[in-house]
Q: 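Okay, handing you the structure first.
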Amino acid sequence: MSSSAETEGDLAPPEAAEPGADGEMLYRVHGEPVAELPADLYIPPDALEVFLDSFEGPLDLLLYLIRRQNLDILAIPIAEITRQYMAYIEVMRALRLELAGEYLVMAALLAEIKSRMLLPRPSEAQSDDDTDPRMALIRQLQEYEQFKTAAERLDELPRMDRDVYAAGASVEALEGPPPPAPTLDELMEALAAVMHRLSLTAHHHVSTEQLSVRSRMSDILERLHPERFVDFVTLLMSAEGRQGVVVSFLAILELTKAGLIEWGQSEPYSPIRLRRRGADIHSAEVSA
Amino acid sequence: MSEGSTADVEAEQLAAIELALEAVLFAAAEPVAARDLKAACADLGEVDQPLLEQALERLEAHYHDRAIELVRSASGYRFRVRARFSASVQAAQPERPARLSRALLETLAIIAYRQPVTRAEIEAVRGVAVSSGIMRNLQEREWVRVVGHKEVPGRPALYATTRLFLDDLGLTRLEELPPLEQIRDLADVASDAGISLAPPEVEEEAPAPGGSTGPDPGGEAEARD
Amino acid sequence: MSEGSTADVEAEQLAAIELALEAVLFAAAEPVAARDLKAACADLGEVDQPLLEQALERLEAHYHDRAIELVRSASGYRFRVRARFSASVQAAQPERPARLSRALLETLAIIAYRQPVTRAEIEAVRGVAVSSGIMRNLQEREWVRVVGHKEVPGRPALYATTRLFLDDLGLTRLEELPPLEQIRDLADVASDAGISLAPPEVEEEAPAPGGSTGPDPGGEAEARD
C-alpha cells in the first residue's frame, strides 16, 4: 500500500513515521479492539458517530478527504485516498455504526480503481483517452461538489419567515361576502392527512386527550389573569354537574402540567387559588 | 448647541422606534401588545410608555392619508386596511376560492384538537412553517382566538378555537368532533387503500441515510418549547 | 385652464390607484399578480400596464425611507419588512423556523438547477438515497411539486420547483438563482496534473442555472393549484 502511495508522488506519505502493521496500537472502544487509525486520520473516537452524521454520503466523505489535504479533485491520489476512506469505513463498522450501503459500494469502487491503476497500461495511444479509471469518479465528485456549493448558497439567500418577513395588515374592517366555512368533512380530511404523515414518522405521537378537556383548557386559560388569583372552586363549573367538574379538573391539571398556570394559597387551609403564569411571576412568589 | 444636539438625538431615537414598530406591526399575525412593542425596541435605548405612545402617534399620523390605518384594540396595536377599500380588495381576488386552502384547514384542525397551542407547536406537527397570513386569516374569520401567552421567551400566543368555529361547523360542542382515534383509522384506511391524502407523493419512510441530520418534526416539538 | 384640470384629474387618478394598490397588497397574504392589481382598479378608469407601473413606482417611492419595501417576486408584488428590521421582528416574535438540513438543501438545489428531475437522478448526483421524508417535506413546503412522469419503466415522478419557492427566496425567475459553479474543463487542467483523460463530453448540462433545462417559471402559474 505504501509503495503505491509513493508512486502517486504528490502526496507526502504521512504514514512514513508509522510503525509496521504489527506494531500499531489497537484502538479500543467499549473494550473492543477496533481498526487501526492512521496517524493523519484524527477524529476523536467518541465523535465518530457525529462525524458520520455530518457527511451526506460517500461522495461527501471523499470530498472531505480530498479537500482536507488541499488536493485537486482532478489529481486524486487514489491509493492514499482509498486508504483513508477504508480506514473510516473500518472504524465505523467496528463501532457498529449504521453504515448506509452506499459507503460500502464506494469502498468497492475505490478498491477496483486502485487495482486497475496498478495494472500495466495498454500501450496504444488511444488508451490515454478513457482508461484512467479515476475519470468517472472525478466527474461524479465534481458534480456533487457543484451542487453542494449550490445548496450552501441557496441557504444563504434571504428566506421568507427566517430572514425577511411579509408585511400585511388586517382585513377585518373590510366588507364583502362571507368567506366559505369549512365543512366537517374538509376539516377531518385535512387532519387525517396530517395524521397520516405523522404515522410515517414513527417516533411522533399525537396524544389523544379528550377534546372536552382541551376545549376547557382554553376556556379556563382565558378566564385567568396573570395579576389576579381566581378561586379554584369557581373554576370547576359545578353548574355542569359531575361531568363538568371532572372535565374542568382534568383541564386544570393539564394546564398545570404545561406550566401555563400556577397555584397559590395565602395560608394553610385557605381556599386554593389559581392564576395564569405571567411575567410578574417572580415578584409574586410569596403566595407559595 | 448641546441642547440642540440632545434634541437631535432624541428625534433620531423616536424615528428609529417608529420604524421598528412599523416593522413589527406589519410582520405580526395578530395585535401586538405594548410590552412586546417595547421588547422590539430593546436596542434603541430606554423606551418607556410615553415614548412608545409618542412613536405610535407619529406612526399613526404617517398613515393618515393612506389605505391602511393603525388601530388599537383590547389586545394591542395593529395595522388594518381601511373599510373604504373593500371594493378594491374584493376586485383583486380573482375568483373567490371555493375551498379553503389545505394549509389553513390543517392549521385549523390542529388548533381544534391541540388547543391551547402555540404556532411553533402547530409547525412541529405540520412539519412546515405556518404563515402569519394564515394565522391572521383564521383570527379574522373568528374561528381562532388567542387565549393567553406561553411564559417562555417571546411569550408566544396560545391559540384556541371559538364559538363561531363550532357554529359554522354546525356543532354545539367541541366534543362533537370525531375523536382522534377515528381520524387515525381514516388515515390508515386511506393509506391501505392506496389513496393518497394530500400530498400526492406520500411514500413510506425509507431508512434515511442522513437520518439524524434530516428534519425531524417530531423531535422539534419537545425541543422548541 | 382645461389642460391644467386634465392634469389634475390624471394626478388624482394616479393617487387613487396608488392607494387601491396599497390596500390590496397589504390585504393579501401572498404576492399579488399584476393582472389582479389591475382588476383592483377597475373602478378607477382605464388602467394599462404603464399606468400600473407608474402607480407602483410611486408606491415604492412612498416607502423609500420606511421599514417595509415593495418587492417583486415570481408570483407578483408584495410588501415585506426590510431585512435590516428583521432583528426587531425577531425580538417581538423569536420563534424562528428550524434550520434546513444539508440533505434537504442539496436535494432542493439539484431539483432547482436540474428540473424536471427524477428521484433516481437526484440520488445519482448525491451518491446516496434520498429519504421520502425529505421529498415530502419539500412538497409540504410547496417548494417542490410533481410536474409529470418520466416515460421510462416505472414512470418515476418528475420534480420541479414552484413559484412559492421563488417567492420565499425573493426571486422572480429561476435564472436569478446564484449560478452553478462552473465545472472546470477537465481537458484544460488535466495536462497540468499529468492526467490522461477522456474527451470532454463530460457535462452536457449548461452551467447556467435553469438555463435550457429549467422550466419556464411563468408556465407554472396554471399548474399550481
Side-chain angles (χ1 to χ4, degrees), chain A residues 53-57 98 100 102 161 165-177 179-184 186-206 208 210-212 214-215 217-219 221-222 224 255 258-260 276-279 281, chain B residues 26-27 68 78-83 85-86 89-90 96 98-100 102 105-106 108-110 113-116 125-127 129 131-133 136 140-141 147-148 150-151 158 160 168-169 174-175 177-181 183-184 186-187 190-191 197-198 202 204-205 209-210 212-213 217-219:
Chain A
D53 278 347
S54 67
F55 290 111
E56 288 301 329
E98 206 174 308
E102 293 94 346
D161 284 328
Y165 299 87
S170 164
V171 294
E172 189 193 48
L174 301 183
E175 294 138 23
T183 66
L184 196 52
E186 280 177 322
L187 204 61
M188 292 308 109
E189 196 183 302
L191 194 60
V194 175
M195 307 226 352
H196 180 60
R197 296 200 306 261
L198 289 179
S199 71
L200 300 179
T201 50
H203 50 282
H204 200 93
H205 174 69
V206 174
T208 52
Q210 281 179 25
L211 274 170
S212 53
R214 309 266 3 154
S215 136
M217 284 167 72
S218 298
D219 293 339
L221 203 56
E222 210 175 19
L224 293 175
L255 287 170
L260 295 172
R276 210 156 85 192
R277 279 172 71 101
I281 174 173
Chain B
F26 276 123
I68 49 178
R78 70 173 134 179
F79 279 112
R80 85 177 172 203
V81 181
R82 290 181 196 269
F85 292 94
S86 299
V89 172
Q90 235 173 282
R96 179 161 279 284
R99 299 186 60 210
L100 299 164
R102 192 168 68 85
L105 282 168
E106 287 187 9
L108 184 56
I110 292 167
Y113 280 86
R114 296 293 299 156
Q115 62 185 295
V125 174
R126 284 200 64 219
S131 76
S132 294
R136 197 186 290 128
E140 283 175 358
R141 290 172 181 215
V147 290
K150 195 159 183 170
E151 288 307 326
L158 285 160
D168 282 355
L169 281 179
L174 203 59
E175 294 90 301
L177 285 175
L180 270 189
E181 291 87 345
I183 297 163
R184 188 168 285 163
L186 175 63
S191 71
L197 298 163
V202 173
E204 75 251 71
E205 191 71 15
S212 43
T213 54

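In the text below, chain A, chain B and the rest are named by the order of the sequence lines, each starting its count at 1.
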Q: Answer with side chain, backbone, both or neither: which region of A:Ser215 has an atom nearer than 4.5 Å to a non-hydrogen atom of chain B?
A: both
Q: Closest heavy-atom contact between A:Ala173 and B:Ser86?
A: O-OG, 4.5 Å
Q: Kindly give the heavy-atom pair with the smallest separation between A:Leu184 and B:Leu169, and that separation in Å.
A: N-CD2, 3.7 Å
Q: List for me each residue that meets salt bridge (Lys or Arg N to Asp or Glu O under 4.0 Å) alongside B:Arg80, sequence neighbours excluded, and say none if there are none.
A: A:Glu172, B:Glu69
Q: Could you report the tightest heavy-atom contact between B:Gln90 and A:Glu175, atom names first, then the distance?
A: OE1-O, 3.0 Å
Q: Which bit of B:Ile110 is near chain A, if near means a heavy-atom gap under 4.5 Å: side chain, backbone, both or neither?
A: both
Q: Examine whether an atom of A:Leu221 lies under 4.5 Å from a heavy atom of chain B, and if so say whether it belongs to the side chain, the backbone or both; otherwise answer neither.
A: both
Q: Listed by chain and number, what are the side-chain hydrogen bond (donor to acceptor under 3.5 Å, both in side chains) partners of A:Ser218, not counting sequence neighbours?
A: B:Gln115
Q: Rounded to the nearest 0.5 Å, what's the gap from CD on B:Glu106 to CD on A:Glu186? Could you check?
A: 12.5 Å
Q: Any side-chain heavy atom of A:Leu260 sitting closer than 4.5 Å to one from B:Glu151?
A: no
Q: Can you confirm whether A:Leu191 sits close enough to B:Leu105 that some side-chain heavy atom of one is under 4.5 Å from a side-chain heavy atom of the other?
A: no
Q: Grab the two heavy atoms, one from A:Arg214 and one from B:Tyr113, that are nearest each other, plus how far apart they are.
A: CD-O, 3.5 Å
Q: Looking at A:Leu255 and B:Pro116, what are the two nearest heavy atoms and their distance?
A: CD2-CG, 4.3 Å
Q: Is it true that B:Glu140 and A:Ser170 share a donor-acceptor pair across their side chains at a distance under 3.5 Å?
A: yes
